[in-house]
Student: 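Please see the structure below; I have some questions.
Predicted model, so just to flag it, every value in this text is computed and none were measured. Per chain, numbering begins at 1; letters A, B, ... match sequence-line order.
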Amino acid sequence: MSESAAEYFGQHGFRHAWSVDFEFVVLPGHKPNPFCMVAKCAITGKTIKLWGDELNHCPFACDDNELFIAYYACAESACFDALGWPQPRRMLDLYAEFRLATNGVGSNFGKGLIAALLHYGLPTIGGEEKDAMRALAIRGGPWSDEERVSLLDYCESDVDAVLRLLEPLLGAIGRSGEDFGRALLRGRYMAALGIVENNGIPIDTELQNRMIHHWSAIMQNLISEVDEDFGIYDNGRFVQARFEAYLYDNNIPWPRLYTGRLKLDDETFRQQAKVYSSIAPLHQLRHALGQLRLNGINVGPDNRSRTMLSPFGSKTGRNQPSTSSFIFGPSVWIRNLIKPEKGRAIAYVDWSSQEIAIAAALSNDALLWEAYESGDPYLAFAKQAGIIPPDATKDSHPEARQQCKAIVLGLNYGMMPQSMSAQSGVHIERARQLLNLHKATYRTFWAWGEANVDHALMGLPLSTVFGWRIHFPHGRGLELNPRSLLNWPMQSHGAEMMRLAVSMAVEEGLVICAPVHDALLIEAPIDDIEQHTARLSEIMADASEMVLGAGKRCRTDAKITRYPDRFEDEQRGAHMFSIIMKLLHRAENQK
DNA sequence: TCTATATCACCC
DNA sequence: AAACGGGTGATATAGA
């Protein structure tokens, strides 16, 4: 046991610092089913090994003086939860710490436990051995005595590996109470997220199964209806050569990529369909087909969709769940499959204009904050810039508002006038003019943003208020995108706000089903949903204030869905869902 | 027939 | 050179 790690944890007042690891079987859409656990204390050297039924009782005192250390701790938290153990109160997650320590430079080896060991030149078991043991674990029981010994040994080897990682990663964290407190904050989120992963999202599996069953018929019907006039599809596939021949036969000129291939993106189709109306049905078909993806949403026996939420996956510290297995990943209509079960309700609560609030608060731009607080930052900008009179409204000046909205949203990403005009249809000169007005109106924000960019370009780290960082040291040939650097603080603080809110909500016992970057999905009994939603909104506003500073609270919007209704987004998903349902009924009647 | 690459679409 | 940030994933085609 490393002397310095023991001292480090002792210094922060811990009785034990358990490096803990479970082996578990997890079927798609299910909670993990742990079958063994090894824990070693970095302070006392004590070791605990549990197998099978021995997991029925939690061997730990889960109080504030017991620290748990793991690599990718949401898995351990999910195992605690699945076993009915009390939740760990203090967690240190070396995965999060490794991601942080290498954010920007990256690691040549990846993000996993072995990658971290290799990165620091520490001994590790071979990747093949690890894969073999993982396969043995996934296979599920029963295991022979011999297999059981090797699985426990393997589990212990991960526990030891985590202990070896302490030296470099505690070094990266730093010794001060503040440094360590921030690491515990990340660990706290990992613990909460394990619960969220276990909660899952209630799904109308009956409808989902009907759709899956008739999926190919739905696709076929959709395609054949349009394609009989074109003859471009083959077995559900768009054949470019056939499309090219069609264009040639019909004398339709078509834009090409620099490679000579046809430009086939949605925007090109939209433009072309305006001129050559015969193209329009094909455009609609391609657009619809682009939204047709239904595989990969895994649902457990309790009709709840579960997937890894992959915290700290991105440079900004956002979660990065697989977009095919996370129901909020594919196109919006898929969310209509979300449905609370009998007696229950859900609510989708999101921060309104979160990144604008962050930009305003952190840059200390009083005018921008005023614009945010007005409730309509786009209209407020138009007024502050003198484009419309002070008494103008959304209804009196819709066009100016729309233009300003495009500017205000695009500027978060460092958008240039050219693409701004291409995107929003505003003339390029108008876009340029509005951009300059924005820079003149929100001088403080722009000075702050550009200072951040310069800071990072000089090889210095950018950091959020709670210590998520990115660092591009000089001399490593790293390619930096100034627009990314401009946006980084907004997105990173948004992620931080979300982590805080999830931690607090879960610890209060609210049932959080999913984080969606700037939104949370919560569930409750129908009779409690309003109260729980109100409480969550309060927590989210509190979290925003912790990040943005006293008095700077970010508003939230909430949309409640009660059984027997299904989740719905009238603006974006409803139309496509109705088309799919029509096709489904047709397919079911064809039989 | 399989794999790598480019392109595109979706999400916040 | 490009000029819209952070992502994941499917698909169509070219190439081995």
Student: Centre-to-centre under 6.0 Å for Phe243(A) and Phe269(A), is that the case here?
Tutor: yes
Student: Over 60° means perpendicular and under 30° means parallel, so tell me whether Tyr71(A) and Phe98(A) are parallel, tilted or perpendicular.
Tutor: tilted
Student: Does the Arg306(A) side chain pair with the main chain of Asn298(A), one donor and one acceptor, at a distance under 3.5 Å?
Tutor: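 No, Arg306(A) side chain to Asn298(A) backbone: no donor-acceptor pair under 3.5 Å.
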Student: Quiz question: by atom type and distance under 3.5 Å, do the side chains of His438(A) and Trp446(A) form a donor-acceptor pair?
Tutor: yes
Student: In residues 479-494 of chain A, which residues come under 4.0 Å of DNA chain C by heavy atom?
Tutor: Asn481(A), Arg483(A), Ser484(A), Asn487(A), Gln491(A)
Student: Looking at every strand, decide which applies to Phe238(A) at a 4.0 Å heavy-atom threshold: base, sugar-phosphate, or nothing.
Tutor: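 Answer is sugar-phosphate: Phe238(A) comes under 4.0 Å of backbone atoms only.
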Student: More than 12 heavy atoms of other residues, nucleotides or ligands under 6.0 Å from NE2 of His575(A): yes or no?
Tutor: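 Open.
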Student: Considering only atom C1', compute the distance from dA9(B) to dA1(C) and round it to an integer number of Å.
Tutor: 24 Å
Student: What is the distance from CG of Leu292(A) to C1' of dC11(B), rounded to the nearest Å?
Tutor: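 It works out to 16 Å between those atoms.
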Student: At 4.0 Å (heavy atoms only), tell me whether Met415(A) reaches a base, stays on the sugar-phosphate, or touches nothing.
Tutor: base
Student: Which pairs, protein N/O on one side and nucleotides 3-8 of chain B N/O on the other, fall under 3.5 Å?
Tutor:
residue: dC8(B); atom: OP1; partner: Leu264(A); partner atom: N; Å: 3.2

Student: For a quick check of understanding: with a heavy-atom distance under 4.0 Å over all strands, which category does Asn412(A) fall into, base, sugar-phosphate or nothing?
Tutor: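 No contact.
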Student: Going 5' to 3' along DNA chain C, which nucleotides are the first and last within contact of chain A (any atom under 4.0 Å from a heavy atom)?
Tutor: dA3(C) to dT13(C)
Student: Please determine if Lys552(A) forms a cation-pi arrangement with Trp369(A), meaning its NZ or CZ atom is less than 6.0 Å from the six-membered ring centre and no more than 45° off the ring axis.
Tutor: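 Because its charged atom sits under 6.0 Å from the ring centre and within 45° of the axis, Lys552(A) does stack over Trp369(A).
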Student: Looking at dC10(B), does its base get a donor-acceptor pair with the side chain of Arg293(A) below 3.5 Å?
Tutor: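 No, the side chain and the base share no sub-3.5 Å donor-acceptor pair.
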Student: Nearest whole angstrom, please: distance from the C1' of dA9(B) to the CH2 of Trp333(A).
Tutor: 15 Å
Student: Salt bridge between Glu496(A) and Arg182(A), side-chain N to carboxylate O under 4.0 Å?
Tutor: no
Student: Pick the nucleotide of DNA chain C nearest each of Ser324(A) and Arg318(A); which residue has the one closer to the 5' end?
Tutor: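 The residue mapped nearer the 5' terminus is Arg318(A).
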Student: Classify the side-chain pair Asp365(A)/Tyr372(A) by whether it contains a donor and acceptor separated by less than 3.5 Å.
Tutor: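 No, no side-chain donor-acceptor contact under 3.5 Å.
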Student: Regarding Arg237(A) and Asn235(A), is there a side-chain donor-to-acceptor distance under 3.5 Å anywhere?
Tutor: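 Looking only at side-chain atoms, Asn235(A) and Arg237(A) do not form any donor-acceptor pair under 3.5 Å.
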Student: For a quick check under 3.5 Å, do Gln433(A) and Glu429(A) share a side-chain donor-acceptor pair by atom type?
Tutor: no
Student: Got more than 12 heavy atoms from elsewhere within 6.0 Å of CD, Gln418(A)?
Tutor: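 No, the 6.0 Å shell around CD holds no more than 12 heavy atoms from other groups.
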Student: Please give, in whole Å, the distance from dC12(B) C1' to Ile358(A) CD1?
Tutor: 12 Å
Student: Expressed in whole Å, how much space separates the C1' atoms belonging to dA2(C) and dC10(B)?
Tutor: 23 Å
Student: Would you kindly give the CG-to-P distance between Asn336(A) and dC11(B), to the nearest whole Å?
Tutor: 13 Å
Student: Are the side chain of Arg286(A) and the backbone of Leu264(A) linked by a donor-acceptor contact shorter than 3.5 Å?
Tutor: yes
Student: Under 4.0 Å, counting only non-hydrogen atoms across every strand here, what does Gln291(A) touch: a base, just sugar-phosphate, or nothing?
Tutor: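 Sugar-phosphate, backbone atoms only, no base.
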Student: May I have the distance from Gln571(A) (atom CD) to dC12(B) (atom P), rounded to whole angstrom?
Tutor: 13 Å
Student: Taking OP1 and OP2 of dC10(B), is either one under 4.0 Å from a side-chain nitrogen or oxygen of Arg335(A)?
Tutor: no
Student: Tell me what Gly329(A) touches on the nucleic acid: a base, only sugar-phosphate, or nothing, going by heavy atoms under 4.0 Å.
Tutor: sugar-phosphate
Student: Please report, rounded to the nearest Å, how far the P atom of dC11(B) is from the OH atom of Tyr348(A).
Tutor: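 From Tyr348(A) OH to dC11(B) P: 11 Å.
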